[in-house]
Amino acid sequence: MKRKQPPGYDRLCRELSAEERASKEANGIIPVVRFKIPLTGRTGFDDIIRGSVVFENSTLDDFVLLKSDGYPTYHLANVVDDHFMAISHVLRAEEWLSSVPRHVLLYRALGFEPPQFAHLPMLLGPDRSKLSKRHGAVAVTEYRDQGYLPEAMVNFLALLGWSLDDKTEILSREELVANFTLDRISQTAAIFNPEKLGWMDGVYIRRLEPADFVLRSLPFLERDLPAEVARPLDIDYVRRVLPLVQERARTLSEVAELTRFFFVTETMNDPALLIAKEMDRASTLKTLKVSLERLGSLPAFDEESLETVLRPLAEELALKTGQLFGTLRVAVTGRTAAPPLFQTMAVLGKTLCLNRIETALTKLS
RNA sequence: GGCGCAUUCGUCUAGGGGUUUAGGACACCUCCCUCUCAAGGAGGAGAUCACCGGUUCGAAUCCGGUAUGCGCUACCA
């Protein structure tokens with residue numbers, strides 16, 4: 001190729017006589033069996049997706065049918081196997097298009113009726129080249145391990161190169177099989193867009209029954225939560241924690257990170273975060289102290305009671321709710337972004353919350 | 001190099017001669033909701049339909065060429 005020579009077999013042994021063949025074999029040459037392509041004419045077929053495709057036979061080389069180890073190549077095996085399995089339609093990626101003439105020539109030579117062919121558009125990496133290992137995941141199992149739901153994966157993949165209409169994005173597997181038709185497959189290769197996959201996975205996660213979400217997330221929590229967290233996890237606690245993050249996760253593997261502070265003991269890493277906008281150390285310390293008192297005397301620690309105490313408290317301290325709740329959020333979770341405060345505190349429980357607020361108080365002063 | 005396939009917003013796509021000021025989705029931006037983050041709602045920006053020529057009263061839609069991209073060009077699949 002580099003020397004601008006047409007690559008491929010040079011047909012050196014195409015017309016060997018019986019004696020020549022015998023002599024070569026006597027010299028220990030182990031032969032391969034090739035297909036003798038007609039030197040002239042053309043071979044074409046009707047692709048379901050691309051229409052008529054025609055090749056000049058002269059551009060085809062005498063490809064190998066049987067390797068020197070006696071095993072068939074894909075070309076031979078595929079044709080023979082498909083014929084005996086009575087395959088009616090061959091659907092495969094576009095990268096196979098150029099080998100179809102070899103296959104139809106083989107079908108004919110064998111006296112078989114060629115099947116119908118449909119060459120699907122390929123999946124490309126972000127650099128527009130054939131999806132491969134260097135683009136990240138190629139095997140669907142890798143996506144499963146990364147926390148993508150199979151049903152989201154199926155939906156997403158189906159929409160790469162196929163569409164139902166001009167609007168529908170979310171289709172169940174059942175809707176897919178009921179509506180899928182070859183004639184709506186597009187002819188252009190599609191670049192795999194991980195952003196959209198993430199969005200779609202989030203849609204599917206939100207649609208999960210809460211109990212199912214727990215079931216599906218559990219293995220990821222067991223796998224990804226820090227080692228210091230005791231295993232097996234307390235399933236009842238997990239069941240109360242997870243609903244708070246179901247609509248916030250795009251993949252199941254994000255669940256561990258989103259819920260981490262519910263499980264680990266040490267959460268206050270950056271006390272500076274405690275100081276809310278337009279507040280200082282002194283006012284924050286005061287806020288934490290008063291909150292500690294009020295919360296400590298709270299008989300019930302459920303969402304409603306918490307709200308009933310904390311909302312008026314903001315006003316009493318002349319703070320915006322955002323400032324009070326923000327400070328408490330950091331105190332109790334260690335982070336500025338978390339599920340709604342009252343629900344979070346209710347799940348964490350009174351003891352843990354009070355402890356964490358005390359810790360925050362100590363770390364800040 | 002040869003052969004083949006393809007070419008509509010950044011990406012996935014609808015649309016297949018007049019209904020198109022080219023529709024939807026992801027991402028992006030703004031606003032609303034709101035204790036943060038999400039989710040949700042309402043808007044916005046984003047495509048001279050690769051280019052050139054032809055057919056036609058009329059072309060994103062049909063035809064040809066060019067360009068570009070991709071694939072194949074193995075005793076791989």
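Each chain gets a letter, A, B and so on, in the order the sequences are listed, and its residues count up from 1.
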Exercise for the section: Write down the distance between CG (Leu317(A)) and P (rC35(B)), rounded to a whole number of angstrom. Expected result: 17 Å

Problem - Atom P, compared across rC9(B) and rC5(B): separation rounded to whole Å - result: 22 Å

Fill in the blank from the handout: By side-chain hydrogen bond (donor to acceptor under 3.5 Å, both in side chains), Arg21(A) pairs with (sequence neighbours left out) none

Practice task
Encode nucleotides 14-19 of chain B as B, S and - characters from 5' to 3', where the letter depends on protein heavy atoms closer than 4.0 Å: B to the base, S only to sugar-phosphate, - to neither.
Solution key: SS----

Exercise for the section: Tell me whether the OP1 or OP2 atom of rA77(B) has a side-chain N or O from Lys67(A) closer than 4.0 Å. Expected result: yes

Exercise for the section: Please evaluate the base of rC75(B) for a donor-acceptor partner in the side chain of Ser68(A) within a cut-off of under 3.5 Å? Expected result: yes

Exercise for the section: Using whole Å, report how far NE2 of His75(A) lies from C1' of rU73(B). Expected result: 10 Å

Practice task
Could you list by number each residue of residues 18-52 of chain A showing a heavy-atom separation from RNA chain B of less than 4.0 Å, or answer none if no residue does?
Solution key: Val32(A), Arg34(A), Arg50(A), Ser52(A)

Handout entry: Residues touching RNA chain B, which here means a heavy atom under 4.0 Å, drawn from residues 341-353 of chain A
Key = Leu341(A), Phe342(A)

Exercise for the section: Using the C1' atom as the reference point in each nucleotide, state the distance between rA45(B) and rU30(B) in Å, no decimals. Expected result: 10 Å

Handout entry: rA47(B) and rU21(B), which share atom name C1', separated by this distance in whole Å
Key = 13 Å

Practice task
Provide the distance between the two P atoms, one in rC37(B) and one in rA14(B), to the nearest whole Å.
Solution key: 37 Å

Problem - Within residues 94-101 of chain A, residues whose heavy atoms come under 4.0 Å of RNA chain B - result: Glu94(A), Glu95(A), Trp96(A), Leu97(A), Ser98(A)

Practice task
Determine which pairs satisfy side-chain hydrogen bond (donor to acceptor under 3.5 Å, both in side chains) with at least one residue from residues 37-46 of chain A, sequence neighbours left out, and list them in order.
Solution key: Arg42(A)-Glu56(A), Thr43(A)-Asn57(A)

Problem - N/O (side chain, Arg311(A)) to phosphate O (OP1/OP2, rC35(B)) under 4.0 Å - result: yes

Exercise for the section: Using the closest heavy atom to pick a nucleotide of RNA chain B for each, name whichever of Arg206(A) or Thr188(A) lands nearer the 5' end. Expected result: Thr188(A)

Practice task
Assign each of Glu56(A) and Met122(A) to its nearest nucleotide of RNA chain B by heavy atoms, then name whichever residue's nucleotide is nearer the 5' end.
Solution key: Glu56(A)

Exercise for the section: Go ahead and name the base partner of rG1(B); Watson-Crick or wobble counts if both distances stay under 3.5 Å, otherwise write none. Expected result: rU73(B)

